[in-house]
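Working notes for the structure below.
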Amino acid sequence: MSGGRIPGSRYFCTASKGLERFLREEVCLKLAAHHVEQVSGKVFFTTEADLKKLKSLKCAERLFLLVKKLPPIEMPRHKGKGVHVLQKYVIGESSKWLEVVYKWQSLQDLSKEQECTSDVTETGIKRPTQQESSETRKRPKLELDKPQATVFDGSPMGQCDLHSIIEGSCQNNAPIQSPPSPDELLNPKGRGAASSIHFRVSCRCSGNIAKSFTSQELGRAIGVALGREMGWKAELRNPMLEVYVHLSDIHCVVGIPIVRLPLASRDYIKSAGLRSTVAWAMAYLADIKAGSLVLDPMCGLGTILLEAAKEWPNAYYHGIDNTDSQLQMASANVCFAKLSNNIDLMRASVTELPLLTESIDVVISDIPFGKKFKISQDTKTIMPYILKEMVRVLSADGTLVLLLSQELSLDIQQWQKPKSHQSNKEKLTAPQDTDTTPTEPSSDPIEKVDVEDTSAAEKEQSEVKAKILASLVPMGIFQVSLGVTEASIHRYKKIPRT
Ligand SMILES: C[S@@+](CC[C@H](N)C(=O)[O-])C[C@H]1O[C@@H](n2cnc3c(N)ncnc32)[C@H](O)[C@@H]1O
């Protein structure tokens with residue numbers, strides 16, 4: 001156990017749809033994870049990494065110790081029988097539960113040890129504990145992968161830790177004791193003390209099983225059976241131990257969260273903008289190197305810059321936005337994250353950037369869409385001019401990473417195709433194609449001028465698009481979920497001029 005290592009524990013993380021591949025790469029890179037398995041919404045892995053490393057994962061929503069992963073359960077038609085079958089299936093052998101709870105407690109102890117040693121700064125000043133600091137500031141509420149039955153309420157952990165309860169010594173400030181082994185947990189003394197273990201089951205069900213049962217019904221049934229089998233007590237409000245169960249058509253997964261708050265709710269972000277995990281994935285795709293100049297020309301609250309600067313602190317970051325209120329909140333976020341030395345903010349328009357040509361290594365941006373950030377003109381019409389300016393400031397070989405609505409993503413993909421390849425539907429919906437239907441030339445002079453103007457504007461747009469396409473190499477499109485909507489990350493490299 002020395003050096004904060006738990007030998008070969010199996011974990012899983014939940015991830016937003018589309019981010020699993022980034023999370024898979026992240027666990028391999030940061031945790032030297034092995035036996036990595038990716039399924040929709042989850043990544044399973046084994047690692048010897050310590051808790052600090054585990055907590056450094058940025059693409060994960062939540063992190064769990066794996067209790068078991070089973071094939072999907074086949075439920076009998078009879079509902080009562082179904083509950084019984086499910087209880088047996090999910091609970092199984094008590095020794096497996098004890099083994100995982102033992103590992104979980106060891107991780108908690110190591111985390112406490114690490115906190116104790118890092119409590120005193122180089123100047124001898126005691127740092128506030130995580131609990132103290134989280135009490136003095138309001139956490140931003142992120143949309144999370146919430147279980148449907150019960151959710152963590154963010155309240156502090158129970159007063160005593162599991163070991164002291166198991167060992168019958170529930171005292172605050174008790175010295176950290178070596179954790180009992182699974183054998184000790186199973187002995188009669190341990191068994192008695194186990195009745196003081198307070199737990200709660202959070203159940204999510206989807207697919208076939210959700211047609212016959214609600215998550216609440218299943219969560220309750222599993223909770224009753226687990227309490228009976230292990231001698232643990234159910235405690236809905238402030239349990240010591242959370243048991244997460246996900247029943248779906250793919251699998252039945254049971255885990256214990258290692259940290260109470262989701263990893264995705266960052267403690268360094270004051271006001272949340274874009275989903276932090278998506279912002280991190282965009283920065284991950286951007287090839288940020290030491291000394292890189294990174295620009296977000298529509299930075300909003302600065303989430304992408306914050307995520308990037310926390311992970312790659314040896315680069316220089318610039319945020320631009322044309323809205324004062326957004327910039328004020330971005331500035332508060334930068335101060336709160338203690339990144340004022342890394343991130344500069346400026347008021348300007350993305351279509352007229354006050355920056356030298358080819359002066360930026362990475363341009364990364366979340367293009368506004370949806371009701372909240374609708375830009376004054378139709379985004380499809382203005383997009384070529386936004387991109388033109390982004391490409392102008394981007395250095396040769398530089399990277400461009402954009403988050404686009406599905407509609408805008410498809411539109412940009414059509415830029416590459418000659419007009420004859422566009423479907424009739426696209427011809428009807430795309431604003432630039434509104435006059436592609438052959439019409440008789442009008443004799444009305446006003447109408448004639450309009451048609452000429454439209455075609456001149458179209459011609460200009462086509463030229464701008466062609467220039468942009470000639471400067472960029474597409475390097476991948478990645479579908480991601482933003483909770484209520486889907487979006488696409490586009491990645492490009494700027495072609496060096498010959
Ligand atoms: C989708 S939001 C960015 C959100 C940001 N990623 C965050 O996490 O907060 C788009 C931003 O673009 C800004 N914007 C709109 N038109 C702009 C323009 N012409 N120039 C610069 N910024 C613009 C809006 O003020 C808004 O803050």
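First listed ligand is number 1; within each ligand, the first listed atom is number 1. Note that these values count all heavy atoms, side chains included, but never hydrogens, waters or copies made by symmetry.
Ligand 1 has no nitrogen or oxygen under 3.5 angstrom from a nitrogen or oxygen of I367. The shortest N/O to N/O separation between L274 and ligand 1 falls below 3.5 Å. On a distance-only criterion, L301 and ligand 1 share at least one N/O pair closer than 3.5 Å. In terms of polar-atom proximity, D321 is counted as a contact of ligand 1, with an N or O under 3.5 Å from an N or O of the ligand. On a distance-only criterion, T351 and ligand 1 share no N/O pair closer than 3.5 Å.
Aromatic ring orientation, Y244 versus F12: tilted (interplanar angle from 30° to 60°).
Inter-residue side-chain proximity for P313 and N342 is flagged as met; some heavy-atom pair is nearer than 4.5 Å.
With a 4.0 Å heavy-atom cut-off, ligand 1 is reached by the backbone of M298 and by its side chain too. Residue contacts with ligand 1 for C299 involve N, CA, C or O but no side-chain atom from C-beta outward (heavy atoms, distance under 4.0 Å). Proximity of A330 to ligand 1, defined as any heavy-atom pair under 4.0 Å, is not found for any part of the residue.
Below 4.0 Å from some heavy atom of A348 lie the following atoms of ligand 1, by number and element: 20 (N), 21 (C). Of all atoms in ligand 1, listed by their number and element, those nearer than 4.0 Å to a heavy atom of P297 are 21 (C), 22 (N). Close approach of ligand 1 to T303 is summarised as follows: ligand atoms under 4.0 Å from at least one heavy atom of the residue are 7 (C), 8 (O), 9 (O). Within ligand 1, the atoms closer than 4.0 Å to a non-hydrogen atom of T323 are 25 (O), numbered from 1 in the order shown.
Considering only residues two or more places apart in sequence or on other chains, H34 meets the ring-ring contact (aromatic ring centres under 6.0 Å, His included) condition with none of them.
Under the 3.5 Å distance criterion, the side-chain polar atoms of E307 are left unmatched by any main-chain donor or acceptor of A279. The closest donor-acceptor contact from the side chain of S349 to the backbone of T351 lies under 3.5 Å. Put simply, the side chain of S471 gets close to the backbone of K467: a donor and an acceptor are under 3.5 Å apart.
In summary, D287 and R491 engage in a salt bridge, as defined by a charged side-chain N under 4.0 Å from a carboxylate O.
Rounding to the nearest 0.5 angstrom, the gap separating the CD atom in E460 from the OG atom in S455 is 12.0 Å.
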